[in-house]
Trainee: 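Have a look at this one before I ask anything.
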Number of protein chains: 2
Amino acid sequence: MENTRGRKSSREKILDAAAELVAEIGAGRLTLDAVAERAGLSKGGLLYNFPSKDALLQAMIQRMIDQVTESREALRAQMEPGPNLEARLATKTLLNMCCGGKMQEVATGLMVATAENPRLLDPVRTVIAETLDRLKANSDDLDAALLGWLAVEGLSNLEMHNLSPFSDQDRERIVQLINRLLTKGIAS
Amino acid sequence: MENTRGRKSSREKILDAAAELVAEIGAGRLTLDAVAERAGLSKGGLLYNFPSKDALLQAMIQRMIDQVTESREALRAQMEPGPNLEARLATKTLLNMCCGGKMQEVATGLMVATAENPRLLDPVRTVIAETLDRLKANSDDLDAALLGWLAVEGLSNLEMHNLSPFSDQDRERIVQLINRLLTKGIAS
DNA sequence: GCAACTAAACCGTCCAGTCGGTATATAAAT
DNA sequence: ATTTATATACCGACTGGACGGTTTAGTTGC
């Protein structure tokens, strides 16, 4: 059991290191040596935990997905009731990630996967499809829900590639806009 | 001048080849040898046209920007007057790119740049900032314009990474939604 | 005669993955 | 109690191939 605990801790350290490095040096420059050094172990140790680079990237993606899911379910409890709850929850989750400090892990996995092996995005595709299903099943105003969701996707994509032209003020305004859209809908 | 014509044609072939390859094998796997072979010339010929890989990537980005700009200005003439013209134009331009066949060139440049040298995204940053400025300056209903623009950004990002869960039908609906948003605004 | 290449060898570097070895712990055998 | 065995977790030198870029010598078409 101590083994398991030890292994887990190393795995986490490695995933943290990888995410940090992607943010710092770019997705295409991620090397196993760099990850190992940052994580405080040798390359051999790294490859002991993840038998290939691909396995490491896969784990990065999976952790990202898990974090988003966890975060969503944690937020679900705190949501005040009202229309388009699922959509409001989805936007809040993404906003929490991308405007809080956690954006790193959300973005970096995607970027590495896109760079090295687009197939790694398959699980992400599934999650997104599930999100759409949930929205379709649970929205009072699907039009507003779709637009709101897409807008948050757009915003977080801009942020994660550092392409966002928005000031904190702009962003705050946009968040309020989306909430207004989700609660009041599009003018008929 | 014939030189220029010849060079231009080769340059175009090379840029096309690079864009195709990125779409096929992933942004991080783009090699000069592969581009040269696909473009139908030698590596020497490729490096004669673009003295370094970085120069090639830069040109990919620039061509992408030029295509978006051209497309926008071409569409501008055909727009029917009405509120939020600039925002409707922006969305129509992006939709034309991402739902038509031209999405490839729009996306691939971004992906390679993100993978290999994030600095190459600088000009893209500028374009996006300019777009926001144009929206702010020319929108009757800035709220709707911002939301619509972000939604199209979100949609096109999903499409360009092949993450989109939308059917053609869904997409059609979303486009109409955005247009309704831009013409009628958010319910107060 | 020059621009725009071709063809192919070559160099230096980077990097994923391999492999033999080590340290520690726990268990089994004597 | 001591040796032996086994498994876990890790080290780090090394290999082999890929890749960006250079060079050189020759070719083609205007």
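A note on names: the letters A, B, ... follow the listed sequences, proteins ahead of strands, and every chain is numbered from 1.
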Trainee: Kindly indicate whether the side chain of Ile186(A), heavy atoms from C-beta on, has any atom under 4.5 Å from the side chain of Ile186(B).
Mentor: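 The answer is no, as the side chains (C-beta and beyond) never meet within the 4.5 Å cut-off.
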Trainee: Starting from P on dA16(C), measure out to CG on Asn117(A) and report it in whole angstrom.
Mentor: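 That distance rounds to 14 Å.
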Trainee: Need to verify one output field. Residue with the more 5' nearest nucleotide on DNA chain C, Gly44(A) or Leu30(A)?
Mentor: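 Closer to the 5' end of DNA chain C: Leu30(A).
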Trainee: Flag the pair Thr91(A) / Val175(A) as yes when at least one side-chain heavy-atom distance between them is below 4.5 Å, and no otherwise.
Mentor: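 Contact flag for Thr91(A)/Val175(A) side chains = no.
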Trainee: In whole angstrom, what separates Asn49(A)'s CG from dG17(C)'s C1'?
Mentor: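 Whole-Å distance recorded here is 15 Å.
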Trainee: Would you please classify the geometry between the Phe166(B) ring and the Trp149(A) ring as parallel, tilted or perpendicular, with 30° and 60° separating the classes?
Mentor: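 Taking Phe166(B) first and then Trp149(A), their aromatic rings stand perpendicular (interplane angle over 60°).
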Trainee: Whole angstrom is fine here: how far is it from CD in Glu37(B) over to C1' in dA7(C)?
Mentor: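 From Glu37(B) CD to dA7(C) C1': 14 Å.
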Trainee: Can you tell me which residue among Met60(B), His161(B), Met64(B) is in a side chain to side chain contact (heavy atoms under 4.5 Å, CB included) with Leu110(B)?
Mentor: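 Testing Leu110(B) for a side chain to side chain contact (heavy atoms under 4.5 Å, CB included) against Met60(B), His161(B), Met64(B) leaves exactly one candidate, Met64(B).
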Trainee: Measure the distance from OH on Tyr48(B) to P on dA3(C) and round it to the nearest whole Å.
Mentor: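 These atoms are roughly 7 Å apart.
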Trainee: Please report the distance, rounded to the nearest Å, between NZ in Lys53(B) and P in dG21(D).
Mentor: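 These atoms are roughly 8 Å apart.
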Trainee: Starting at CZ of Phe50(B) and ending at P of dC19(D), how long is that distance when rounded to a whole Å?
Mentor: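 After rounding, the gap between these two atoms is 20 Å.
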Trainee: From the options dC10(D), dG17(C), dT6(C), select the nucleotide whose nearest atom is closest to the side chain of Ser52(A).
Mentor: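 Of the options given, the side chain of Ser52(A) lies nearest dG17(C).
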Trainee: Whole angstrom is fine here: how far is it from CG in Leu47(A) over to C1' in dA9(D)?
Mentor: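 From Leu47(A) CG to dA9(D) C1': 13 Å.
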Trainee: Please state how far atom CZ in Arg11(A) lies from atom P in dA9(D), giving the value in whole angstrom units.
Mentor: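 Going from Arg11(A) (CZ) to dA9(D) (P), I get 11 Å.
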Trainee: Starting at the 5' end of DNA chain D, which residue's closest nucleotide do you reach first, Leu46(A) or Asp33(A)?
Mentor: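 So the residue in question is Leu46(A).
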Trainee: Under the salt bridge (Lys or Arg N to Asp or Glu O under 4.0 Å) criterion, do Lys53(B) and Glu116(B) qualify, and how do the steps go?
Mentor: CA-CA 10 Å; Lys53(B) 190 179 186 181; Glu116(B) 302 236 5; 2.7 Å; yes
Trainee: Counting the atoms with a prime plus P, OP1 and OP2 as sugar-phosphate, which does Leu41(A) contact under 4.0 Å by heavy atoms, base, sugar-phosphate, or nothing?
Mentor: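 Leu41(A): backbone/sugar contact only, no base atoms under 4.0 Å.
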Trainee: Of the nucleotides dA16(C), dA9(D), dT6(C), which has the atom closest to the Thr31(A) side chain?
Mentor: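 Shortest atom-to-atom distance from the side chain points to dA16(C).
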Trainee: Can you tell which of dG21(D), dC5(C), dT6(C) lies closest to the side chain of Ser42(B)?
Mentor: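 My answer, after comparing the listed nucleotides, is dT6(C).
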Trainee: Between the base of dG17(C) and the side chain of Lys43(A), is there a donor and acceptor pair under 3.5 angstrom?
Mentor: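 Yes, the side chain and the base share a sub-3.5 Å donor-acceptor pair.
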